[in-house]
Amino acid sequence: MAAARRSAALVAVVTAFVLLLTSSPASAAESEQRAGERFYLSLGDSLAFGFQRFKVGLPAEAFDTGYADLLAAGLQHGQRRPTLVNYGCPGESTTTFATGQCPWAGAGLPLHDVFTGPQQAAAVDFLRDHRGKVDLVTLSLWGNDANEFIASCNGSVQCILDGAPAAIARIAANLSGILQRLHRAAPDARIVVLGAFDGNVGAFPLTHPIIRQLNVAMAAAAAGQRARFADPMPIFNPEGDTGAALCALTLLCRDGDLHPSDAGYRALADLMAS
């Protein structure tokens, strides 16, 4: 019996040695590469996705000039370029981000990187699974909340003025909760929150103060969770401008679409990278 056990042990050692010698160098290199892989996680709404209306009907890969693509191209971690994972979902609000299905995916439209359930849960799972390997997280969430609030007023300016403080507080509170969960999942990742700009040409005296208040509240929420806030208003709505910057940096004047043009996404990428 002892001789049989020694023989079996010898066979096991020899087999392991043979496997070690015959393992593919390429496989070892691939394993080493995966072990050192870094990531950039883009989260939020259509801005995070890189949406432009004239590309509707094309596959997700066609939306390739968004700020996430541009930021990813400029990132470097030693000799490595972090891999972009883009969960951006057109139509996402602070509410659906935390609790609901992505509206874009729910309509059967393609995402850059597929996830199921709420985007927040998918993001937290990704960050936990890749803890210590995510260099950057960006988040854009405000536009669809604002649209829902404005729609609820049915065109009443007074309703908008009266309801804006509560709507802003709600957005900021939701944002704070989201950022808290992201930071807990990835305490070493750099998190950048994109603020709001004003697309209400012709109503700037009324709407600029509201958008500024929204940005102040979102900046405070970001600071409270150790995230950086990037305010696009000075770029998209410079002091005294009546809409020329919006025409240059969005598709508003070309297609009636407030989403950024390629130049606008470049401006946002530069802002968020600085």
Side-chain angles (χ1 to χ4, degrees), residues 43-49 51 53 88-104 106-107 118-120 138-182 192-225 227-243 245-246 249-252 256-260 264 268:
L43 302 173
D45 53 22
S46 54
L47 296 182
F49 181 87
F51 183 86
R53 194 171 304 280
C89 163
E92 198 84 283
S93 68
T94 58
T95 300
T96 62
F97 184 93
T99 63
Q101 182 186 19
C102 162
W104 185 257
Q119 189 178 162
Q120 175 176 276
T138 57
L139 178 66
S140 169
L141 279 176
W142 60 269
N144 295 298
D145 294 85
N147 290 340
E148 289 169 10
F149 162 62
I150 292 169
S152 73
C153 283
N154 296 312
S156 169
V157 173
Q158 193 59 50
C159 171
I160 293 172
L161 292 175
D162 292 343
I168 289 170
R170 184 168 56 252
I171 294 170
N174 289 349
L175 180 62
S176 180
I178 290 165
L179 290 171
Q180 182 181 60
R181 288 167 177 80
L182 297 178
V192 180
V193 177
L194 179 63
F197 56 88
D198 191 352
N200 298 286
V201 176
F204 287 162
L206 173 67
T207 56
H208 269 14
I210 296 174
I211 299 298
R212 290 193 183 104
Q213 290 166 23
L214 173 60
N215 279 339
V216 167
M218 289 197 297
Q225 302 301 331
R228 187 172 78 80
F229 182 76
D231 183 358
M233 270 198 83
I235 301 170
F236 284 69
N237 306 112
E239 194 67 35
D241 185 79
T242 58
L246 280 174
L249 298 176
T250 73
L251 300 172
L252 184 64
D257 178 10
L258 190 56
H259 289 92
L268 290 178

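Please read all numbers here as calculations on a predicted model, not as lab measurements.
Here S46 pairs with F51, P90, H259 under the side chain to side chain contact (heavy atoms under 4.5 Å, CB included) rule; sequence neighbours left out. Listed by chain and residue number, nothing satisfies the ring-ring contact (aromatic ring centres under 6.0 Å, His included) test with F97 (two or more places apart in sequence, or in another chain). The side chain to side chain contact (heavy atoms under 4.5 Å, CB included) search around I235 returns L249, A267, L271, not counting sequence neighbours. Evaluation of the side chain to side chain donor-acceptor pair (under 3.5 Å) rule for N200 yields D198 as partners, not counting sequence neighbours. In this structure, the side chain to side chain contact (heavy atoms under 4.5 Å, CB included) partners of D231, at least two apart in sequence or on a different chain, are N215, F229, M233, P234. Take I150 and apply the side chain to side chain contact (heavy atoms under 4.5 Å, CB included) test, not counting sequence neighbours, and it matches I160. Remark: E239 pairs with no residue by the side chain to side chain donor-acceptor pair (under 3.5 Å) rule, at least two apart or across chains.
Note that the CZ atom of F236 and the CG atom of L246 stand 8.0 Å from one another [nearest 0.5 Å]. Rounded to the nearest 0.5 Å, atoms OG1 (T99) and CD (Q119) are 12.0 Å apart. Atoms CD and CD, on E92 and Q120 in that order, are 10.0 Å from each other to the nearest 0.5 Å. Note that CD of Q180 is 11.5 Å distant from CG of L175, once rounded to the nearest 0.5 Å. Separation of atoms CG (L139) and CD (Q225) is listed at 12.0 Å; rounding is to 0.5 Å. Taken to the nearest 0.5 Å, the OG atom of S156 stands 7.5 Å off from the CG atom of D162.
Counting only residues at least two apart or on different chains, the side chain to side chain donor-acceptor pair (under 3.5 Å) pairs with a member in residues 141-153 are T94-D145.
Closest non-hydrogen pair, G88 versus A48, comes out as CA-CB, 4.0 Å. The two residues A221 and A172 have their closest heavy-atom pair at CB-O, 3.6 Å. Between A222 and L179 the shortest heavy-atom distance is CA-CD1, 3.7 Å.
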Verdict with supporting geometry, I171 and L141, side-chain contact (heavy atoms from CB on, under 4.5 Å): CA-CA 9 Å; I171 294 170; L141 279 176; over 6 Å; no
Evaluation steps, side-chain contact (heavy atoms from CB on, under 4.5 Å), between F197 and T250: CA-CA 11 Å; F197 56 88; T250 73; 4.2 Å; yes
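Within the 4.5 Å cutoff, the side chain of L258 has no heavy atoms near those of the L251 side chain. Side-chain contact check for P118 versus T96: every heavy-atom pair is 4.5 Å or farther apart. Two residues are said to be in side-chain contact when any heavy atoms from C-beta on lie closer than 4.5 Å; L268 and P260 meet this criterion. The shortest distance between side-chain heavy atoms of V201 and T242 does not fall below 4.5 Å. Under the 4.5 Å side-chain criterion, counting only non-hydrogen atoms from C-beta, T138 is not in contact with L43. Side-chain contact between N154 and C159 is absent, with no heavy atoms from C-beta onward closer than 4.5 Å.
D257 places a side-chain N or O within donor-acceptor distance of the main-chain N or O of R53, the cut-off being under 3.5 Å.
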